[in-house]
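First the structure, in the form of structure tokens, and then the observations on it.
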Amino acid sequence: PVAIEIVTFGPGLHMLREDTSPVKARIAQLALEEPAITFVACQNTQTNQSKAEHKQVTLISEAKVMPSGVVRLMELQSKGYAYVRP
């Protein structure tokens, strides 16, 4: 079995934003078909984007929010996950 966790932070958060995601339909389909794939959003980035845009940044329903995307990556690597960067 393989577990895949896609962690987004910085500009990558747009992938999980309700208003700017170019792939939200694809993510919705993947989430239904592949339960081993999870999508994680960085709360720090969400907060910073909300402040910069003077509005609440809303995420797609498939996104799980973690306090820090970078810290989550470090946690996963310490558990043996591979870090694959686009």
Side-chain angles (χ1 to χ4, degrees):
V2 174
I4 299 171
E5 191 163 315
I6 298 172
V7 180
T8 63
F9 59 94
L13 186 69
H14 286 282
M15 180 177 156
L16 300 180
R17 284 181 55 162
E18 183 63 44
D19 60 342
T20 61
S21 176
V23 292
K24 67 181 171 183
R26 188 169 180 192
I27 290 172
Q29 182 179 357
L30 271 174
L32 289 174
E33 296 173 357
E34 300 293 338
I37 300 176
T38 56
F39 300 90
V40 175
C42 174
Q43 186 175 35
N44 288 335
T45 300
Q46 182 185 19
T47 300
N48 289 336
Q49 287 182 2
S50 292
K51 286 179 185 176
E53 297 175 26
H54 306 290
K55 66 175 186 175
Q56 180 60 39
V57 168
T58 304
L59 303 174
I60 60 175
S61 62
E62 294 81 9
K64 292 172 37 178
V65 179
M66 295 285 175
S68 171
V70 173
V71 171
R72 182 63 182 156
L73 289 173
M74 293 183 336
E75 291 170 351
L76 292 171
Q77 286 177 334
S78 73
K79 293 178 181 180
Y81 278 65
Y83 176 42
V84 179
R85 184 177 175 190

Would you compute the distance between atom [atom1] of [X] and atom [atom2] of [Y] and round it to the nearest 0.5 angstrom?
X	Y	atom1	atom2	value
L73	S78	CG	OG	11.0 Å
L32	I37	CG	CD1	11.5 Å
I27	S21	CD1	OG	4.5 Å

Ignoring hydrogens and geometry, is there a side-chain-to-backbone donor-acceptor pair from S50 to Q56 under 3.5 Å?
no
Donor-acceptor pair, distance only, cut-off 3.5 Å: does the side chain of S68 make one with the backbone of C42?
no
Which atom names give the shortest non-hydrogen contact between [X] and [Y], and what distance separates them?
X	Y	result
Q43	V65	CB-CG1, 3.5 Å
L59	A41	CD1-CB, 3.6 Å
V7	G69	CG1-O, 3.5 Å

Cluster link [X] to [Y], ILVMFWY, side chain under 4.5 Å:
X	Y	answer
V23	L30	yes
L76	I6	no
Y83	M66	yes
V40	Y81	yes
V70	L13	no

Within the 4.5 Å heavy-atom criterion, are T8 and T45 side-chain neighbours or not?
no
N44 vs F9 side-chain heavy atoms within contact, under 4.5 Å:
no
Can you pull out every salt bridge (Lys or Arg N to Asp or Glu O under 4.0 Å) where at least one residue sits in residues 11-25? Sequence neighbours excluded, please.
R17-D19, R17-E53, E18-K24, D19-K55
Residues 62-83 vs salt bridge (Lys or Arg N to Asp or Glu O under 4.0 Å), sequence neighbours excluded, gives E5-R72, R72-E75
By the definition side chain to side chain contact (heavy atoms under 4.5 Å, CB included), identify the one residue from Q46, K51, H14 that meets it with V57.
Q46
